[in-house]
Structure formats: structure tokens, C-alpha cells
Amino acid sequence: MKNTVITKTVILPAFLLVFMACGRKDGKKETGEVPVNDTIASEENKHYRPHFHFTPEKNWMNDPNGMFYYDGYYHLFFQHYPDAAVWGPMHWGHAVSRDLLHWEELPIALYPGEEGYIFSGSAVVDEENTSGFGTGNHPPVVAMYTIHDPEKEKNGQTDVETQGIAYSTDKGMTWTKYDGNPVVGNPGIRDFRDPKIVRDTIHDQWVMVLAAQDRAKFYRSGNLKNWEFLSDFGMDTGAHGGVWECPDFFPMTIEGTGETKWVLIQSLNPGGPNGGSATQYFVGDFNGTSFTLDPGFKTALDKRKAFWIDYGKDNYAGVTWSGIPDSDGRKLFIGWMSNWEYAQQVPTTTWRSAMTVPRELRLIRDGGLFLLASSPVRELESFRNKITEEQDVSLSAPFVYKSENGGGLNSTEILLSLEKTGNSIVEFRLYNTEGDTLSFGLNSVKKEFFTDRTRAGQTDFSEKFAEKASTAPRFTSSGTLDVRIVLDKTSIEVFYDSGTAAMTEIFFLKSPFDHFDIRSTDPETTLKNITIHQLKFN
């Protein structure tokens, strides 16, 4: 689809580059906009612009915001600075899709104003018009976001962030800021942001969860305008290597049962499992006032310290869509495919960053262990074009696949399963004739997965980008392993063991990968089956 963007000039004070929502880059100010000519833009699009991951037409993007589904369209809003390829005064960019993979970028939805910048938040379809914003033709859509006051920040004040709302009476296409903003004042907390609204049908109320520095704060409302504080969660729970940000909160049915648990998603920066920004989750119960951990989850959490929705370096601030019909039954998630350690330094100048592939979340219980599993949305399957399939291949020698007819592995899905992994190290490698190599796989001895991009193209733009290999725990000792790999021009998303462990990482190659191989240190390991699909989106 053709992208269209309306831009509005906003002067960027230099001191404001230090602070970012939902995330901060400690200490260093970026250099600002890099001059871009048509040749550079064309080359960047050719080599780096993803085929099927959402990117802004131009300039800066970070967190997904305000996602909702209504009248056949998935709406995606995002933190956006339309005037440079680095972070600046935040707007809400806007895109829509019918299939979660083809996106049309629309005019900017929310601009910063005298009250401050428009930081992260959420949106809901107010089906019963509890807010009173509806006109009678169709229900209003209500967005809640953080108002960040740059003048107060400049003056060193604490009450920098409050919460405001805006509403739409035309299905989310245009927005009006509420004249009663802010609807939630600042209680004296410097980092107080990123409201996520959910309709709690169990207790017949609107619930909002807010990130407040080192904890989540819960509020309730009957009309989306007047909010009552309920409770805190998390001050001494989970990972606390950085500021908590971008929460999400929703009930889920445990797979294979009729039992419901509540899931709290909570990003933080820094403090991720492999450095920088990342997103953890908690599983428990909500009584309409407070959230408490499930005892089994708490026992596992005390042992592991944190559970992460993705263990790769590049999946942050992810949240879910509201308004998905009950008949669909899915919980749909998307994250920002970058990391605050280097997001403003990656080697693109026309635009910066992409979103992950949209994912379906599932809640699995294995004994007392709860796992939030993820997999690419089923819509991706519609774009498959099988190019090879093999079965029962011994790995006494490496399995090697070479792409045909000069086509690269840059719009590709690979599904495979292995047997008799034993105590082996199973390594998957993607590489090209230019010498770029991406290595990933399973170390059964350490009971962990790994991703190593230290030799996968450009890495010298940041010392943090390829400082070391990333790792993720394996939650089972099974000798069977299933793997799903999604490849685009500049990213890999790997889903192990039915998605109970996911790893997402970006890279910037000299040329597309054209080889894929599999090897094992145990000659008894068998490649039970493998299918490689070229993904066609035209």
C-alpha cells in the first residue's frame, strides 16, 4: 500500500534528546538529523527496508501505542518524530491494516502541543459509550496517553508526567484532545507514564495500569475520565535493572483448560536479559482491586528472577491490540524491534526502526510453570510459497541449503524439527558470499538457546550492538526440538519449543543471506523435517 505522512515542524531543544518514552538513553545526546539524498534513500530501501515488517515512511519511530481493532481494520499507533531520524518531541504516528502484514501509513493522529509531548499509551473502543463522547452513529474510540511537560523537565521538577485522553468519533481516523486533561495528575513520581486501559468485564469496570518508576499502579473508572487509584504491584518483584515502562494487562485462558489467569506485561530499560531494554511478564490473579502472583509462578520467579516475553536484544515496549472479537479468540501482540542501547545509531538515515511481526500469545501451564508463548500471526501462512522440503536427514554431516536463482533468504520462513538432540550443541547458520554469518541454536549442555550476530554485517556503529552472543533459557529437557524462523532483510525472529522461548535480533548485511545450514556435535541428531517457504507479499 502507498504510505502517506503529514508532517509538522517542531523545534527540538537539545537537552530533550536525553529523555525518551518509553525508554531513556543514558547520558549521550545524538547528533540530530543526517542529510539524506535520493541516492542514499534508494540504497537504504533496497538493502534495509523490510519486506513485511512495519516501518515509518521516514524518520524516527519507537514504541507501538494505542492499538485497537474496529470495523475490519487493525489500528497501529506509534511513537514518532516526523522531522528527524532520531528521537524528538513525540507524536502518535498512525497506520492501519486488514491482515496485520500490509500496512497503510496515515496522517499523524496526535501532535504535541502547549501541554507537552504525546508519550506512550493505549486506546479502546467504548462500545457502551461510557465516556459520553459518542455521537450515536457508532461507539467512540478513547485513547489515553502520557503528557510529558518539557518545561517542567527543564526546570528539574518532579511532576513532569500526567495522563490525558483524546477521543475519536470516526472510527479512529481523527482525534480530539479532551478539554478536561489531565485526567490523572502526578502523585510526585518522576517516571509516571504509559497508561494501558482494559475493559474488565469480570468486575464491570475500566482498569488502567500505569508504569511508575519501579512498580505498576492500578486504577479504575466507570467513564474513562474519572480515575480512582486501586493498588501497587512489583516494587520488589521481577527485574529492576532500569525504569519500568509500557505495561499491558489482560486475562487469558490457560491453554487446554477453562481456567483464567491475568497477565501483566512490563517493559524496563535497561536491565534486559542480554543488555539494554526488554519486556518481562507476570502471571497471577486480579480481584478487581489488586494483582497478586499465582503461587506456582511466584515460586518459579523467585528462582529465575524474571520471565521475558522475548530473550533477544530487539523486542521492546510490546503491547496487545484491544477490541479483538471474542469469536477470534486471539491475544495479538507487537513490539518495537530495536534496543535503546543503539536504536539511534543503526545505519539507516531515511527512517529508523521497525516493528516485530505481529504475534499470537498463548498461556501455557506445565506443572507449576506458567509460560507466555508466542508465534507469528496465522495470517503469515497465507503468503507462503514452499521452495524446499526434506525429511529424516542425518546430521552426521551438516545439512546445507543454498537459495536458488540468486534469490536471498530475506523474506523467508523456515520450519523444522529435530530429534535426539541429547547433550549436543545444535547450530544453525545463515551466511552469504560476503562473509556475513549469523549463528544461533541450542546448547543442550547449558540448557540454553543462543544468537550470535558478531559477524552478521555492520556492527561498528555501536559497541553494544554485537558485544556478545545473546542467550535464552530452555524450559524443557526434551530431546525433540521444534523451531520456527522468520527472516526479513534486517531481522530474524526465532520461536523455539512451540514459542515458549523467542529471540528477536536485527542485523545489517553487506548482501542477503543465501545459505542456511544445520550441524550438531552429536552424530545421532536427526533433522526430522524441514520446510523452507519464500514469503510473497505483492
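We're numbering straight along the sequence, starting at 1. Hydrogens, waters and symmetry mates are skipped; everything else that's a heavy atom, side chains included, is used.
Proximity of a side-chain donor or acceptor of R365 to a complementary backbone N or O of F370 within less than 3.5 Å is not detected. Checked by atom type and distance alone, the side chain of W244 pairs as donor or acceptor with a backbone atom of A239 at under 3.5 Å. D436 places a side-chain N or O within donor-acceptor distance of the main-chain N or O of K510, the cut-off being under 3.5 Å. Side-chain atoms of D194 come within 3.5 Å of backbone atoms of C246 as a donor-acceptor pair (strictly under, hydrogens ignored). Here the side chain of N274 pairs no donor or acceptor atom with the backbone of K313 at under 3.5 angstrom. Side-chain atoms of T421 come within 3.5 Å of backbone N or O of G479 as a donor-acceptor pair. Checked by atom type and distance alone, the side chain of E341 pairs as donor or acceptor with a backbone atom of G276 at under 3.5 Å. Judged purely by atom type and a 3.5 angstrom limit, T55 has no side-chain atom pairing as donor or acceptor with the backbone of A354. The backbone N or O of N45 sits less than 3.5 Å from a side-chain atom of K489, completing a donor-acceptor pair. Within the 3.5 Å criterion, the main-chain N or O of L372 finds a donor-acceptor partner in the side chain of Y281.
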Quiz item: Under the ring pair (Phe, Tyr, Trp, His ring centres under 6.0 Å) criterion, do Y48 and F508 qualify, and how do the steps go?
Solution: CA-CA 7 Å; Y48 299 142; F508 300 90; 5.3 Å; yes

Exercise. Starting from the C-alpha separation in whole Å, work towards a yes-or-no answer on side chain to side chain contact (heavy atoms under 4.5 Å, CB included) for L380 and L101.
Key: CA-CA 8 Å; L380 189 68; L101 293 163; 4.0 Å; yes

Practice problem: Check the pair R474, D497 against salt bridge (Lys or Arg N to Asp or Glu O under 4.0 Å), reporting the backbone distance first and the verdict last. | Solution: CA-CA 8 Å; R474 192 182 191 201; D497 290 330; 2.8 Å; yes

Exercise. Mind running side-chain hydrogen bond (donor to acceptor under 3.5 Å, both in side chains) on S444 and N423 for me, showing each step along the way?
Key: CA-CA 5 Å; S444 295; N423 292 320; over 6 Å; no

Exercise. Report the C-alpha separation of F516 and Y401 in whole Å, then their side-chain angles, then the decisive distance to 0.1 Å, and conclude whether the ring pair (Phe, Tyr, Trp, His ring centres under 6.0 Å) test is met.
Key: CA-CA 5 Å; F516 173 65; Y401 171 78; 7.8 Å; no

Exercise. Please step through side chain to side chain contact (heavy atoms under 4.5 Å, CB included) for the pair T437 and D452, ending with a clear verdict.
Key: CA-CA 9 Å; T437 301; D452 185 350; over 6 Å; no

Quiz item: Checking salt bridge (Lys or Arg N to Asp or Glu O under 4.0 Å) for the pair D302/K298: CA distance, chi angles, key distance, verdict?
Solution: CA-CA 6 Å; D302 289 342; K298 184 179 185 305; 3.1 Å; yes

Quiz item: Hey, mind stepping through D328 and R378 against salt bridge (Lys or Arg N to Asp or Glu O under 4.0 Å) and telling me if it holds?
Solution: CA-CA 12 Å; D328 185 300; R378 63 187 179 215; 3.7 Å; yes

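Shown here is R304, whose CZ atom has more than 12 heavy atoms of other residues, nucleotides or ligands within 6.0 Å. Atom NZ of K446 has 12 or fewer heavy atoms from other residues, nucleotides or ligands within 6.0 Å. Within 6.0 Å of the CG atom in D366, the count of heavy atoms belonging to other residues, nucleotides or ligands does not exceed 12.
Taken to the nearest 0.5 Å, the OG atom of S97 stands 8.5 Å off from the CD atom of E379. Atoms CZ and CZ, from F428 and F450 in turn, are 8.5 Å apart once rounded to the nearest 0.5 Å. With rounding to the nearest 0.5 angstrom, the OG1 atom of T320 is 9.0 Å from the CE atom of M252. The CD1 atom of I414 sits 6.0 Å away from the CG atom of L430 when rounded to the nearest 0.5 Å. Distance check, rounded to the nearest 0.5 Å: CD1 of I532 to CG of N385 gives 12.5 Å. Summarising the geometry, atom NZ belonging to K58 is positioned 8.0 Å from atom NE2 belonging to H80; distances are rounded to the nearest 0.5 Å.
For the salt bridge (Lys or Arg N to Asp or Glu O under 4.0 Å) with E255, the qualifying choice from K261, K331, R362 is R362, the only one to do so.
Under the 3.5 Å distance criterion, with hydrogens and angles disregarded, a donor-acceptor pair is assigned to the side chains of R359 and T504. No side-chain N or O of S267 forms a donor-acceptor pair with one of E245 less than 3.5 Å apart. Defined by atom type and a distance below 3.5 Å, a donor-acceptor pair is present between the side-chain atoms of E493 and H53. Side-chain atoms of S470 and E505 form a donor-acceptor pair, as typed in the model, at a separation below 3.5 Å. For the residue pair D522/S520, the side-chain donor-acceptor check at 3.5 Å is not satisfied. Side-chain contact, D488 with H51: no donor N or O sits under 3.5 Å from an acceptor N or O. Defined by atom type and a distance below 3.5 Å, a donor-acceptor pair is missing between the side-chain atoms of T480 and E419. Residues S375 and R484 bring no donor and acceptor atom of their side chains to less than 3.5 Å of each other. For the 3.5 Å distance criterion, the side chains of S394 and S396 qualify, holding a donor opposite an acceptor. Side-chain atoms of D310 and W308 include no donor-acceptor pair closer than 3.5 Å. Looking at K447 and S477, their side chains do bring a donor and an acceptor atom within 3.5 Å of each other. Residues S353 and W336 have side chains that bring a donor and an acceptor to within less than 3.5 angstrom of each other. Side-chain polar atoms of S417 and N529 form a donor-acceptor pair below 3.5 angstrom. Inspection of the T356 and N315 side chains reveals no N or O donor paired with an N or O acceptor under 3.5 Å.
Using cut-offs of 30° and 60° for the angle between ring planes, the Y69 and Y74 rings count as tilted. Note on ring orientation: taking the six-membered ring where Trp is involved, the planes of F68 and H75 are parallel (angle under 30°, cut-offs 30° and 60°). Using cut-offs of 30° and 60° for the angle between ring planes, the F282 and F233 rings count as perpendicular. Between F249 and F291, the two ring planes are perpendicular [angle over 60°; tilted spans 30° to 60°].
Nearest heavy-atom pair across N59 and P82 is ND2-O, 2.7 Å. Across every non-hydrogen atom of P56 and F78, the tightest pair is CB-CE1, 4.3 Å. Closest approach of I506 and D314 over heavy atoms only: N-OD2, 2.9 Å. When every heavy atom of T521 is checked against every heavy atom of I425, the shortest pair comes out as OG1-N, 2.9 Å. Nearest heavy atoms, W60 versus V86: CB-O, 3.4 Å. In plain terms, the two heavy atoms of L363 and V283 that are nearest each other are CD1-CG2, 4.0 Å.
With a 4.5 Å cut-off on side-chain heavy atoms, E427 and S439 count as touching. The shortest distance between side-chain heavy atoms of Q344 and W87 falls below 4.5 Å.
The aromatic ring centres of H102 and F383 sit less than 6.0 Å apart.
Annotation: cation-pi geometry satisfied between R453 and F465 (NZ/CZ under 6.0 angstrom from ring centroid, within 45° of ring axis).
Residues that satisfy the ring pair (Phe, Tyr, Trp, His ring centres under 6.0 Å) test with Y73, not counting sequence neighbours, are absent from this structure.
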